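Single-structure report; data block below.
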Amino acid sequence: MNNARDAILAQLAQANPQLPQSTAQTPLPGLARLADTDATPTDRLTAALERIGATWELTDSPVSARLLLATALQADNVTRVLTWDEAHLPSPGLLDTLNVLGIETMIPDLRAAPLRLRPQDLDSRGDLLQAAAGVEVGVVAAEVGFADTGALAVRGGAGRPLLSAFLPRRVVVLLPVSQIFPSVSRWLARKNPLRNDAVLTFLSGPSQSLDLELIRAAGIHGPRLVHVVLIGGSA
Amino acid sequence: MPSPFKTRVAQALADSDLRTSQARASSRLQRWRNASFDELETPWPDLQAAAAASRRAALDDLPRLLQQLEARLVQRGVEVVWAEDGAAAFRYIAALATARGLDTALRSRSPLAEEIGLNPALAEAGIQVTNTNFGDYILQLAEDRSSHPHFPALHQSAADVANLFERKLDMPKTLDPQAMGSMARFRLRRELPRHGMMIGQVALAAADNGMLVLVSDAGEDRIAASLARIQVLLMGIDQVAATVDEALFLAQMASRSAAGQDMPGAVTMLSGPARAGDPDGPGELHLVIVDNGRSALLATPFRDALACIGCGACHNVCPVTREIGGQAYGDGYTGPIGAVLAPLIARAPTKSRRPTRDTVPPVTAAGIPLLDPTAADLPLASTLCGACADVCPVGIDLPEMLRSLREARLAAGRPGLVDNTVRAAFRWATSNPANYHRAHGWLQRRLTGSIAPPLRAWRDGRDLPTPADKLFRDRWAERNRP
Ligand code: SF4
């Protein structure tokens with residue numbers, strides 16, 4: 001396929017005989033909404049979350065977030081959650097609290113399944129996934145929330161399996177209020193978004209499809225319910 | 001003899017239910033789109049100009065951007081391969097699956113896979129592909145083809161799908177899209193772990209930091225990226241942006257234009273296979289960069305068509321597409337951009353694109369490669385009203401391209417005897433008042449009354465105004481008669 005590479009690049013060079021001399025970029029216009037002008041970032045984010053079908057609640061500290069979440073899960077008779085390593089959750093002690101309440105915490109790790117691909121390996125991978133897929137609720141954290149769209153940046157990586165966010169029907173996303181940015185572009189201007197990780201996703205509310213007569217069907221490839229716990233104060 | 005395209009148009013126009021539902025869906029999508037841009041601080045012309053500038057600059061700089069992207073990805077362990085055409089792409093994918101002992105794969109939404117006929121080609125190589133996008137999943141079960149760039153099963157009603165799911169999935173009949181969506185989830189979730197290979201498509205790649213941006217409404221790419229052992233991503237050579245900021249800006253312009261969504265439902269940015277210690281993510285990541293006629297297109301007056309970001313807004317607003325629906329266009333590309341790209345991009349032959357005696361031979365007129373002769377009639381499906389160019393987020397001058405393609409079709413001698421005769425007669429009749437006077441009576445009779453069969457087909461395929469009873473000159477003369 002190297003020949004193909006050279007042939008394609010040669011053809012492209014021929015089609016673009018005068019390559020641009022300057023690669024200086026012109027700034028992109030913002031996509032801010034008129035109605036958002038006077039609102040606080042938190043108000044804008046919560047309004048955006050409602051627009052995209054997510055629910056939310058505001059807590060005043062990591063401790064109250066932990067208690068609120070644990071009590072709500074217990075009241076809902078949740079017995080198991082898929083989640084992340086505690087170090088990556090902005091609510092210290094959360095997993096211990098859940099365990100004390102009898103809620104099992106699972107951190108899925110597909111590396112536990114054999115990596116070589118033979119049919120029997122796929123089966124064992126399947127067993128592992130099936131166990132995880134039976135869990136109704138996921139608890140993960142967003143690195144950033146975008147006030148203009150309600151999208152939440154969820155970063156995969158060691159200790160942060162994305163399956164915990166996308167396998168269960170319900171997912172709870174913890175987000176410190178200090179991590180609300182006005183827009184994706186403002187965040188990108190500040191950070192190297194990918195750092196050293198392989199995957200970064202933006203979660204915009206429940207998984208929704210309009211494929212059938214443009215009527216919403218939720219949860220086909222991800223959570224049907226997304227609940228955001230906004231954490232005020234500091235960790 | 002009508003061309004296959006004209007036959008498909010006639011079939012679509014005869015289906016009044018389809019016409020009503022298509023028009024209703026297009027209106028809703030258009031309303032959502034308009035509301036979504038009206039609510040923004042920045043006026044639409046400025047947004048359109050910025051998106052257009054970003055895409056044009058990328059097309060002007062493609063060789064450098066692609067090489068920059070490749071270098072970044074290879075550094076992170078991505079296998080980057082280049083395919084001159086569809087055949088090369090699926091040969092690579094089939095060989096990869098065979099080498100890993102796999103005979104199945106899952107595929108998320110990918111217009112490029114449809115363009116190159118990936119599923120049937122892999123099936124021939126013994127690899128069964130299951131579509132995961134809800135619309136594509138429905139189409140696969142129904143053995144049907146796509147009708148819209150963004151919502152491929154838009155032509156299927158809930159009742160159609162209820163019957164289909166009852167027949168194929170044993171599901172008790174319901175008209176509730178949510179219940180049918182849940183059934184699809186149940187079936188696809190069972191499938192997910194059984195497949196070692198996931199195939200998808202890059203929406204845009206960011207050359208500056210080597211990120212592959214995948215977008216979907218429901219998140220099928222996202223779950224695939226978590227579960228895949230081997231992830232294969234297709235990317236057209238044109239689908240690259242200079243920076244990640246531009247890629248995400250364009251993704252938002254596309255989602256607003258498609259269905260008025262501030263942001264695509266799911267955005268996944270991949271920079272490579274899973275790192276050591278990652279609990280999930282693809283063990284191998286392969287990027288297949290496909291040309292398939294694009295580099296040749298870049299050298300023609302139609303290069304701007306490659307700026308398309310696939311939102312489907314032109315499809316929703318086109319008065320012709322709203323009437324005939326997307327399926328009349330054939331496979332894959334639909335709407336005004338489909339009518340431009342389909343004749344220009346080399347595509348795999350399928351049933352509806354099989355060449356016939358009536359199709360145009362490939363020509364090169366004024367540097368225009370008509371690579372797919374079976375699609376040469378598509379540019380006729382336009383009133384050239386300009387609505388498509390107005391809503392196109394990247395400002396592609398679709399009406400001008402459609403007009404040029406009609407010229408190319410004429411240059412290829414396409415019109416045939418009837419068209420040439422009608423044109424010559426029109427030229428003669430309008431060349432001076434005396435001729436027009438002579439032709440008027442004949443026209444009046446022939447446009448409504450009986451006429452020779454070849455001319456009848458030509459006449460009946462058009463909405464022609466009936467000439468007035470009397471010529472204006474005659475009426476004027478009568479009025480001013482003392
Ligand atoms: S041509 Fe423009 S409006 Fe049509 S699909 Fe492409 S980007 Fe959207």
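Every chain is numbered from 1 and lettered A, B, ... according to where its sequence line falls, protein lines coming before strand lines. Quick caveat: nothing in here was measured; it's all calculated off a predicted structure.
- Heavy atoms of B/Leu285 lying under 4.5 Å from chain A are absent altogether.
- Atom OG of A/Ser207 and atom CZ of B/Phe134 lie 11.0 Å apart (nearest 0.5 Å).
- Proximity to chain A (any heavy atom under 4.5 Å) is shown, for B/Pro152, by both the backbone and the side chain.
- Of the atoms belonging to B/Met180, it is side-chain heavy atoms, and not backbone ones, that fall under 4.5 Å from chain A.
- Both the backbone and the side chain of B/Thr132 come within contact range of chain A, each with at least one heavy atom under 4.5 Å from a heavy atom of that chain.
- B/Ala25 touches chain A through backbone and side chain together, each having a heavy atom under 4.5 Å away.
- Taken from CZ in B/Arg294 to CG in A/Leu12, the straight-line distance is 11.5 Å, to the nearest 0.5 Å.
- Rounded to the nearest 0.5 Å, atoms OG (A/Ser209) and CD (B/Gln178) are 9.5 Å apart.
- In this structure, no portion of B/Asp85 lies under 4.5 Å from any heavy atom of chain A.
- Both the backbone and the side chain of B/Leu298 come within contact range of chain A, judged by heavy atoms closer than 4.5 Å.
- Atom CZ of A/Phe202 sits about 3.5 Å away from atom CE of B/Met269, to the nearest 0.5 Å.
- In this structure, CD1 in A/Ile8 is found 11.5 Å from CG in B/Leu62, a value given to the nearest 0.5 Å.
- Here the closest non-hydrogen pair linking A/Leu163 and B/Asp280 is N-OD2, 2.9 Å.
- Only the side chain of B/Leu248 comes within contact range of chain A, with heavy atoms under 4.5 Å apart.
- For chain A, the nearby parts of B/Leu47 are the backbone and the side chain; heavy atoms of each come within less than 4.5 Å.
- Checked by atom type and distance alone, the side chain of B/Arg222 never pairs as donor or acceptor with a backbone atom of A/Gly222 at under 3.5 Å.
- The residue among A/Ala158, A/Pro206, A/Ala10 with the most heavy atom pairs within less than 4.5 Å of chain B is A/Ala158.
- Remark: side-chain polar atoms of B/Arg185 are not paired, donor with acceptor, to backbone N or O of A/His221 under 3.5 angstrom.
- Between atom CG of residue A/Leu200 and atom OG1 of residue B/Thr268 there is a gap of 9.0 Å, rounded to the nearest 0.5 Å.
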